[in-house]
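Input: a single structure, listed below in structure tokens.
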Amino acid sequence: MNTTDNSINTSDHQQPVTPSGRMIAVLTGIAMISGFLVVLTSQLTAPFIEENQRIAIEQAVSKVIPGSVTHQAYTILDNKISIAEKGQSGSLIYAGFDANGKLLGIASKAAAQGYAGMIYLLYGYDPKCQCIRGIKVLKLSETPGLGDKIITDSHFQKNFDQLDAHLNAENTKLQNPIITVKHGTKKEYWEIDAISGATISSKAVGKAINTSAQSLLPTLVPLMQQLKELSQKKSAQKESEL
Amino acid sequence: MSRVRSNEITWETFSEGLWKENPVFVMLLGMCPVLAVTNSALNALAMGLATAFVLLASSTLVSLLSQYIPKQVRIATYIVIIATFVTIVDYVIQAISLDLYNSLGAFIQLIVVNCMILGRAEAYASKHRPLKSIVNALGMSAGFTIALLCLGVVREILGAGSLFGFQLFSDNFQPWVVMVLPAGGFLVLGAWLLLFDWYNQRQQERLLKENEHAN
């Protein structure tokens, strides 16, 4: 401690050393006030935060399943599909329905390592054309102006208007793995045309979708009928309630 | 700062944070958020306001409790108080907007270790009456927020061609991408510091000349 500090705290020198009991009491008191304030805020803001998260997912899902009006989250566990509940394990998917309750598509999360960090995205699968109808990047830390073009570049987004995701005859994997190709060399329906100058980020998007689709679609497609029945039962329930 | 424990609240109590002891441009404190989240004016403003709330609340509490806090555990106590308010801000920003929360990222939580706040608690709030501490904290917060905005506005205009999200130029404008990258933070901060120093030096020279004339 230097001299200036001593001169400010001269009163402390005359006092006896603070007993440790008092220190503990003060720290405990402060910690209790602090805990009370944090719990109070957490309780007060929880409904707003939940609502914000729900809106964010809703917006993302309606973007990747074009034309969908209502959404419902489901979980797949051990080849069984059920309406998602809080704290349930299993892979989470979102189903989008039109105004008449007709199933339009399934959205699922995917992630892959990009140039500067993980890229998290949501993609929409259309069971009718067996293709991917849209993607929405949820979180990324790519270089601004270069890697973040995967969100803004309209030419790149066009890749996902109808990206082929057919399963093979045995329903075990994709007929053709989804792959990102060099800018301007896209030939097949399952290829993604990369952005020039953002190849690594573009490739990460392709890899994320491919990894997720390869594992999700073989289990999901045989369950499609079950999902439709589940959703019809739910809309029937709603009607009878009305 | 005077060593006298005066409880007079003057204009100086408020204004020293704005200019004479500006936390960013003069004291160079809390550089981490200053450089990291000022890539857009909105982020800078949000960060400034979040820090202002934490500074104000923690200064008030520290100043109210200062006589009960034993000297040996004061730093630990200050950190707990600051961390409490940072957690509150964290929840509130999540409740206001998730987009904003995501763009500020980890820097909300890092307000805990913003040395400007701990510095104010130790050097000012613990030695002054609550009201005076509040006025001083207000000035410091305003100075910090304005400094962040100074950086954020310049970086957003040059780096993205927009201000608060509104496009300023036509499509012919090629944004200087480096300005929204970390390097741009250093460049713009350097330019502002240069400007401030140049101004201060000129003022001193003028004072010297006036003194010479008077003699």
Side-chain angles (χ1 to χ4, degrees), chain A residues 1 4-5 7-13 15 17-57 59-60 116-117 120 137-141 143-149 197, chain B residues 1 3-5 39-40 57-58 61-62 64-74 76-103 105-106 122-123 126-127 155-156 159-161 174-182 184:
Chain A
M1 193 152 291
T4 46
D5 272 345
S7 69
I8 309 164
N9 297 321
T10 37
S11 52
D12 292 333
H13 282 283
Q15 280 173 5
V17 183
T18 326
S20 42
R22 194 164 156 244
M23 287 189 237
I24 293 168
V26 167
L27 277 177
T28 315
I30 296 278
M32 275 168 70
I33 299 174
S34 152
F36 172 74
L37 283 175
V38 168
V39 170
L40 189 72
T41 334
S42 158
Q43 292 282 331
L44 286 177
T45 53
F48 295 100
I49 296 172
E50 222 162 83
E51 179 69 9
N52 276 346
Q53 272 162 350
R54 198 188 58 78
I55 291 171
I57 288 180
Q59 279 174 347
Y120 296 91
V137 176
L138 301 173
K139 201 174 169 194
L140 90 174
S141 40
T143 322
L146 292 172
D148 67 353
K149 275 191 193 156
Chain B
M1 203 197 308
R3 290 285 175 208
V4 192
R5 281 187 179 217
N39 49 10
S40 78
S58 59
L61 205 59
V62 165
L64 280 172
L65 298 175
S66 61
Q67 48 180 318
Y68 307 106
I69 300 172
K71 208 180 77 194
Q72 294 90 332
V73 293
R74 67 186 194 286
T77 318
Y78 299 159
I79 291 284
V80 172
I81 290 173
I82 293 167
T84 306
F85 289 112
V86 170
T87 316
I88 290 174
V89 163
D90 189 86
Y91 279 124
V92 170
I93 291 185
Q94 274 189 69
I96 293 171
S97 159
L98 276 182
D99 285 338
L100 185 63
Y101 183 74
N102 286 336
S103 63
E122 167 77 359
S126 63
K127 299 192 180 92
R155 288 179 68 185
E156 193 181 344
Q174 183 65 41
W176 306 9
V177 174
V178 67
M179 281 303 173
V180 290
L181 296 179

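The chains referred to below are lettered A, B, ... by the order of the sequence lines, with proteins before strands, and numbering in each begins at 1. Computed from a predicted structure; not experimentally measured.
Nearest approach of A:Asn52 to B:Ser97, heavy atoms of both residues: ND2-N, 4.1 Å. Minimum heavy-atom separation, A:Ala56 to B:Leu98: CB-CD1, 4.3 Å.
Rounded to the nearest 0.5 Å, atoms CD1 (B:Ile93) and OG1 (A:Thr45) are 11.5 Å apart. To the nearest 0.5 Å, atom CD1 of residue B:Ile69 and atom CZ of residue A:Arg22 are 9.5 Å apart. Taken from CE in A:Met23 to NZ in B:Lys71, the straight-line distance is 10.5 Å, to the nearest 0.5 Å.
Around atom OH of B:Tyr91, no more than 12 heavy atoms belonging to other residues, nucleotides or ligands sit under 6.0 Å away.
Interface residue B:Thr87: only side-chain heavy atoms are found under 4.5 Å from chain A. Contact annotation for A:Val26: only side-chain heavy atoms (C-beta onward) come within less than 4.5 Å of a heavy atom of chain B. Contacts between A:Glu50 and chain B at a heavy-atom distance below 4.5 Å are absent for every atom of the residue. Contact annotation for B:Val92: both backbone and side-chain heavy atoms come within less than 4.5 Å of a heavy atom of chain A.
Ranked by heavy-atom pairs shorter than 4.5 Å toward chain A, the options B:Val80, B:Asp90, B:Val180 are led by B:Val80. Chain B forms more heavy-atom pairs under 4.5 Å with one residue of A:Leu146, A:Leu44, A:Ile49 than with any other, namely A:Ile49.
Side-chain contact check for B:Ile88 versus A:Leu37: some heavy-atom pair is nearer than 4.5 Å.
No donor-acceptor pair closer than 3.5 Å links the side chain of B:Asn102 to the backbone N or O of A:Lys139.
Screening B:Thr77, B:Leu61, B:Val73 against A:Ile30 for a side-chain contact (heavy atoms from CB on, under 4.5 Å) leaves a single residue, B:Thr77.
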